[in-house]
Amino acid sequence: MKRTVIIPLFFLSFLFSALQAEACTNLIVGKKASADGSVICTYNCDGFGFAGSLFHTPAGRHTPGEKIAIHGWGPSHDDQFVEQVEYTYNVVGFMNERQVTIVESTFDGRLELQNPDGLLDYFSLIRLALQRSSPAREAIRCMAELVERYGYNSSGESITVCDPNEAWIMEMVGKGPGRKGAVWVALRIPDDCISAHANLSRIRQFPQEKKRSYRSISSRNLKHISRPEVECVYAADVIDFAREKGFFNGKDEEFSFRDAYCPIDFENVRYADARVWSFFRHHRSDMDQYLPYINGDFAERGANGEIMDHLPLWVKPEKPLTLTDVMADMRDHFEGTPLDMTADASAGPWRMPVRPLPMHFATSDSIHLFRERPIATQQTGFTMVCQMRSSLPDDVGGVTWFNCDDADMVAYVPLYCCLTQVPDPFRPENNPRNEFSFQSAFWLNNWVANMVYPRYSMMIGDLRLAQRELENYYLADQDSVLAAIRNLTPADRQSYLNKRSIAYAARMMQRWEQLAKYLIVKYNDQVVKRTDVDGNFLRWGYDTPGYSQPFIDALPAATGNRYKLKEVIDRRER
C-alpha cells in the first residue's frame with residue numbers, strides 16, 4: 001500500500017521566493033537562559049511573493065511497506081518516495097506533539113555543492129523529521145540518516161532543533177552533483193546561553209571524536225546520540241570531503257565548517273551576522289567590540305588580541321530572557337545602534353524602518369550603496385516564537401506564538417502543539433497569494449502594516465497599543481488555561497486547547513480589523529485627528545505633525561534653495 005502525502009503548494013512558491021531572497025532568522029534561548037525555564041526558538045520566514053500560513057499534519061499509524069511521496073521545491077524526479085515509519089506525530093507548523101521544534105535559515109555557501117539528483121530539500125527533510133522524531137537528538141539522527149539514504153538537493157542550511165530540554169544548531173551542505181548525502185555538524189547550545197543564525201553559517205571549530213569519549217561523535221556512532229554527555233555530532237567525512245574539494249588543507253583541529261563551506265565577505269556578514277549581533281547586543285553589554293567585524297574589518301583585533309573575524313556561536317545573557325523579550329527581539333531594526341534604520345534621511349519624513357529591494361543600488365554618478373537587512377522586515381510571510389516547557393505536559397507545554405506577515409507589525413497568537421485543526425485565519429486556503437481577503441490573517445495584517453509603514457513614527461504608537469493589548473491578554477490567560485485543563489481527560493484537553501487557540505485567532509482578527517478602520521479615520525489626508533485619553537475621536541480638531549529632524553536637515557543639501565523661505569514670519573503675531 002502506498003500513501004501519498006502532498007506538501008502544500010503554498011510552500012512551494014514560498015520556498016522558491018525565500019531561496020531567492022536568502023532571508024530567514026532564528027533566535028535560540030536555552031532553558032536556563034529563559035526566565036521561566038522554557039526552551040525558546042524563533043522563525044521569521046522571509047521571502048517576497050507568498051502569503052504566509054500554517055500547515056498541519058495529523059498523527060497516524062502506518063502499515064508495513066507504506067511509502068510517502070515527496071513533492072518539494074527541488075528538482076522533480078519519478079518515483080519520489082520515502083519509506084514510511086510505523087507512527088508519525090501530529091505536527092502544527094514547525095512543532096510536533098512532543099514539543100520538538102525544527103526551524104531554519106539558508107546560507108547557500110558553496111553553490112557548486114548542490115546536488116540536483118538528491119531527493120530531499122531542506123523543507124521536506126524538516127517535515128519528515130518532525131513527523132518521526134522525539135526528542136531533538138532523535139531529529140538530528142533522523143535528518144542525518146535520511147540525507148544519507150535519499151540524497152540532499154538544497155544549498156547550505158542552518159537548522160535549529162529544540163525540545164523542552166535542549167537546543168541544538170545543525171548545519172548542512174550537499175556534496176555536489178552525483179554525490180549522495182551531505183556534510184554536516186550539530187552542536188548542543190549550553191542551557192544558560194542564547195544563540196542565533198540568519199543566513200550565514202555559524203559553526204566554526206567543533207569538538208572532534210576521541211577514543212572512549214562520547215562528548216563528540218561522528219555519524220559512524222549515531223547510535224550513541226542519546227547519551228546525555230554527547231554535545232556534538234558530525235558527518236564522518238566533513239573534514240575529509242573539504243580536503244578533497246580543496247576547501248581546507250590544515251590540521252583537523254583547525255578545521256572550521258563555516259570557513260570551508262561558507263566563506264565570509266562583507267555582504268553576507270552585514271546582511272546576516274549583523275542580525276545575530278543585534279540580538280546578542282540586546283542581552284550583552286559588550287557586543288559593540290564586534291562592530292569592526294560587522295563593518296567588514298575582518299583583520300581587526302579585539303581587546304585580547306584575537307582577530308575579530310566572527311561572532312561567538314553563543315553567549316551567556318546578562319539576565320534571563322522572558323517570552324516578551326524574545327518577541328521584542330524579533331521586531332528589531334537595529335534601533336539604538338550605528339546601524340539604526342530609523343535615524344537618518346534614508347528613513348524618510350517619518351522614520352520608516354523598512355526599505356525596498358534591491359539590496360544594493362547606485363547613484364546616477366555610479367556611487368554604489370546598500371541597505372541594511374534587520375531581523376524584522378516587510379517581506380516576512382509568517383513569524384513565530386516557539387516555547388517548549390519541560391515543566392508541563394506536552395499538549396499544553398508546547399506553544400507556537402504565531403502570526404502572518406512582519407513580526408514588527410503583528411500580535412503573536414498562542415497555538416498549542418496538540419492542535420488538530422488550524423484556526424481559519426491561518427489556513428493555507430484562506431491566505432491566497434493574489435487576492436485580498438478579510439478572512440486572511442496575512443492580508444489583514446498586511447493591510448494594516450502598509451498603512452503604517454509610510455508614516456511609521458506617526459502611526460506606530462496606535463499599532464503598539466493594539467499589539468500589547470492582545471499579547472498581554474494572551475499571556476495573562478495562560479494561567480486560566482492551565483487551571484481549566486487540570487482535571488480533563490486527554491481527549492477533552494485536546495478539544496479545549498483546539499477551541500482556545502481558535503478563539504485566540506478570532507480575537508486577533510477582530511482587533512486588527514478594528515485597528516485598520518481606526519487608522520484610516522485617524523490619519524486620513526496627512527493630518528492626525530485629535531482624541532481623548534481613551535482614544536475616542538473629539539468632535540473637531542486635528543494636528544499636523546512635521547517631518548523628522550534628520551529628514552529636514554537633509555533637505556537643503558538635496559534641494560538647494562528650492563524650499564528656502566525668503567522671509568520668516570511668525571504668523572501667530574499677525
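It should be emphasised that the depicted structure is a prediction, and the values quoted were computed from it without experimental measurement. In this chain, numbering begins with 1 at the start of the sequence shown.
- Counting only N and O atoms by type, the side chains of D477 and S480 include a donor and acceptor under 3.5 Å apart.
- With hydrogens and angles left out, the side-chain atoms of H56 and N90 include a donor and acceptor closer than 3.5 Å.
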Q: Go through W512 and L470 one step at a time and tell me if the side-chain contact (heavy atoms from CB on, under 4.5 Å) criterion holds.
A: CA-CA 10 Å; W512 234 243; L470 282 171; 3.8 Å; yes

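- One N or O on the side chain of Q99 and one on the backbone of G398 form a donor-acceptor pair closer than 3.5 Å.
- A donor-acceptor contact shorter than 3.5 Å is absent between the side chain of D121 and the backbone of S154.
- Screening L415, T420, V396 for a side-chain contact (heavy atoms from CB on, under 4.5 Å) involving L497 leaves a single residue, V396.
- Here the two rings, on F370 and F266, have centers that are under 6.0 Å apart.
- Smallest separation of non-hydrogen atoms from C142 and A129: SG-CA, 3.9 Å.
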Q. Checking ring-ring contact (aromatic ring centres under 6.0 Å, His included) for the pair W401/Y504: CA distance, chi angles, key distance, verdict?
A. CA-CA 11 Å; W401 295 79; Y504 287 151; 7.9 Å; no

**Q.** Chi angles and distances behind the salt bridge (charged side-chain N to carboxylate O under 4.0 Å, His left out) call for K31, D191
**A.** CA-CA 5 Å; K31 66 184 302 181; D191 290 342; over 6 Å; no

Q: Given side-chain contact (heavy atoms from CB on, under 4.5 Å), test M330 with Y412 step by step and report yes or no.
A: CA-CA 11 Å; M330 293 294 279; Y412 283 107; 3.4 Å; yes

Q. Where do V448 and M409 land on the side-chain contact (heavy atoms from CB on, under 4.5 Å) test, with the steps shown first?
A. CA-CA 8 Å; V448 170; M409 310 300 285; 5.7 Å; no

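- Side-chain atoms of R373 and N199 include no donor-acceptor pair closer than 3.5 Å.
- Checked by atom type and distance alone, the side chain of R202 never pairs as donor or acceptor with a backbone atom of H197 at under 3.5 Å.
- Residues that satisfy the salt bridge (charged side-chain N to carboxylate O under 4.0 Å, His left out) test with D36, not counting sequence neighbours, are absent from this structure.
- Residue pairs meeting the salt bridge (charged side-chain N to carboxylate O under 4.0 Å, His left out) criterion with at least one partner in residues 331-345, sequence neighbours excluded, are R331-E471.
- A side-chain N or O of T383 and one of N44 form a donor-acceptor pair less than 3.5 Å apart.
- R355 places a side-chain N or O within donor-acceptor distance of the main-chain N or O of M352, the cut-off being under 3.5 Å.
- Taking CG of N431 as the start and CD of E429 as the end, the distance is 8.5 Å to the nearest 0.5 Å.
- At least one donor-acceptor pair under 3.5 Å links the side chain of R530 to the backbone N or O of Y542.
- Sorted by first and then second residue, the pairs that involve residues 407-417 and meet salt bridge (charged side-chain N to carboxylate O under 4.0 Å, His left out), not counting sequence neighbours, are D408-R464.
- A donor-acceptor distance shorter than 3.5 angstrom exists from the side chain of Q467 to the backbone of V410, with no hydrogens or angles considered.
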